[in-house]
Amino acid sequence: MATSHVPALRPTAGKPSRSALSRRKCRKLRCQGSSCSDLESFLWTSKSAAGLLRVEPLREALMEGAGDLLCRAFAGTPEGRPIKIVMGGLEVALTEFAKEHKGTRGGVFLVGILEETQEVVGTAAISFFDATREELAPEPPQDSAYLSNVAVLDKMRGKGIGKGMVRAAEEAVVHFSDRRKLYLHVRENNREAVGMYLTEGYMEIETYAPLPRWISNRPAMVLMAKSL
């Protein structure tokens, strides 16, 4: 499965990279309030064609694997970014996600790990507030649960990892918030991803193209949603 839809992290070029391209040590990420214990309470597993998939919230030891996967998954797309920007976006997202708003975390970033090899094979991010995600049209309802950064390691595509990450994200929405509807954006020309979401019970809400196709090569964006 190709990368499901566009990323929605808030990247910043000013943050240092955790990848092998940069050996500079980043500051330790810290949870706030009950956020740490809440994160530790979530673990989702599922069988896939590649083996047992374990999905858990992102932690320090998984940062490099998640960043490298995202960088490779979005390479060649309008949303592609250098590894340093991707890693900075991850750190910013984790900082914002750890903050509590009205008793709810800002969001959670999930990482899929293949149990047999301990390799990072998938990612997915969920935000619960507008302040913890980028603005994309068509816009979902204010402060709704929003899914982004669904990506799968190239060699693991077609093995059910993408579906596993989406299903884990749905469970995380129920676990971490009172939201019962999950929204996402997907590129209209990514028919494989659109088809996967339709199969998983998502409905197309609205399609938006900023410019006519004969003027811009940027594909139209489709807003989809599913009741949980």
Side-chain angles (χ1 to χ4, degrees), residues 3-11 29 31-46 53-59 62-63 66-67 69-70 73-74 79 86 89-113 120-136 139-152 161-186 193 196-197 200-203 205 221 223-228:
T3 301
S4 298
H5 53 88
V6 299
L9 297 178
R10 294 179 179 274
L29 299 174
C31 299
Q32 297 183 2
S34 61
S35 296
C36 286
S37 59
D38 287 347
L39 284 179
E40 293 171 357
S41 69
F42 183 82
L43 178 64
W44 189 92
T45 60
S46 175
L53 175 68
R54 185 178 83 245
V55 180
E56 61 182 73
L58 180 62
R59 49 189 167 83
L62 303 174
M63 284 284 290
L69 190 157
L70 282 169
F74 289 106
E79 294 81 23
V86 173
L90 274 178
E91 185 172 345
V92 171
L94 286 182
T95 300
E96 293 301 313
F97 284 177
K99 296 177 182 177
E100 293 189 2
H101 305 260
K102 303 176 183 178
T104 301
R105 288 181 55 86
V108 60
F109 195 99
L110 300 176
V111 177
I113 304 157
V120 175
V121 295
T123 62
I126 311 137
S127 64
F128 298 123
F129 299 94
D130 294 354
T132 56
R133 57 177 173 258
E134 291 187 357
E135 296 180 4
L136 291 173
E139 294 183 5
Q142 184 177 11
D143 292 340
S144 55
Y146 179 78
L147 177 64
S148 66
N149 292 277
V150 177
V152 176
I161 302 297
K163 288 184 178 181
M165 295 305 302
V166 172
R167 293 172 184 175
E170 294 168 358
E171 289 293 324
V173 170
V174 175
H175 182 87
F176 289 106
S177 76
D178 59 358
R179 278 54 162 182
R180 293 300 178 265
K181 198 164 190 176
L182 182 58
Y183 292 82
L184 62 87
H185 285 101
V186 61
M196 187 270 288
Y197 286 118
E200 290 297 299
Y202 288 80
M203 303 291 292
I205 305 299
M221 300 302 298
L223 178 66
M224 306 184 76
K226 177 182 178 179
S227 296
L228 306 177

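Heavy atoms only: backbone and side chains are in, while hydrogens, waters and symmetry mates are out.
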Engineer: What's the separation between atom OG in Ser144 and atom CG in Asp130, rounded to the nearest 0.5 Å?
Structural biologist: 6.5 Å
Engineer: Given side-chain contact (heavy atoms from CB on, under 4.5 Å), test Arg105 with Leu39 step by step and report yes or no.
Structural biologist: CA-CA 10 Å; Arg105 288 181 55 86; Leu39 284 179; 3.7 Å; yes
Engineer: Output the distance between atom CE (Met221) and atom CG (Leu223), rounded to the nearest 0.5 Å.
Structural biologist: 9.5 Å
Engineer: Drop me the distance from Leu147's CG to Met224's CE, to the nearest 0.5 angstrom.
Structural biologist: 11.5 Å
Engineer: Can you name the residues that form a side-chain hydrogen bond (donor to acceptor under 3.5 Å, both in side chains) with Thr123, not counting sequence neighbours?
Structural biologist: none
Engineer: Looking only at heavy atoms, which two atoms of Phe97 and Phe109 are closest? And how far apart?
Structural biologist: CD1-N, 3.8 Å
Engineer: Do His175 and Ser41 touch side chain to side chain, with heavy atoms closer than 4.5 Å?
Structural biologist: yes
Engineer: Has the side chain of Thr132 got a donor or acceptor atom that lies under 3.5 Å from a matching backbone atom of Gly106?
Structural biologist: yes
Engineer: Would you say the side chain of Pro140 lies within less than 4.5 Å of the side chain of His185, judging by non-hydrogen atoms?
Structural biologist: yes
Engineer: Please report the shortest heavy-atom distance between Val173 and Ala145, naming the atom on each side.
Structural biologist: CG1-CB, 3.9 Å
Engineer: Measure the CD1-CD1 distance between Ile113 and Ile161 for me, rounded to the nearest 0.5 Å.
Structural biologist: 11.5 Å
Engineer: Hey, what's the ring geometry for Tyr197 with Tyr202, parallel, tilted or perpendicular (30° and 60° as the breaks)?
Structural biologist: perpendicular
Engineer: Where is the tightest heavy-atom contact between Ser127 and Arg133, given as atom of each residue plus distance?
Structural biologist: OG-NH1, 2.8 Å
Engineer: Hey, could you give me the OH/CD1 distance between Tyr183 and Ile126, rounded to the nearest 0.5 Å?
Structural biologist: 15.5 Å
Engineer: With rounding to the nearest 0.5 Å, note down the distance linking CG in Leu58 to CG in Leu90.
Structural biologist: 6.5 Å
Engineer: Between Glu170 and Arg167, does any side-chain N to carboxylate O distance fall below 4.0 Å?
Structural biologist: no
Engineer: Considering non-hydrogen atoms only, spot the tightest contact between Leu184 and Tyr146 and give its length.
Structural biologist: CA-CE1, 3.7 Å
Engineer: Got a sec, which pairs hit salt bridge (charged side-chain N to carboxylate O under 4.0 Å, His left out) with one end in residues 171-185, sequence neighbours left out?
Structural biologist: none
Engineer: What is the minimum heavy-atom distance between Val186 and Ala193, and which atoms define it?
Structural biologist: CG2-CB, 3.8 Å
Engineer: Return the minimal non-hydrogen interatomic distance between Phe42 and Pro57, and the atom names on each side.
Structural biologist: O-CD, 3.5 Å
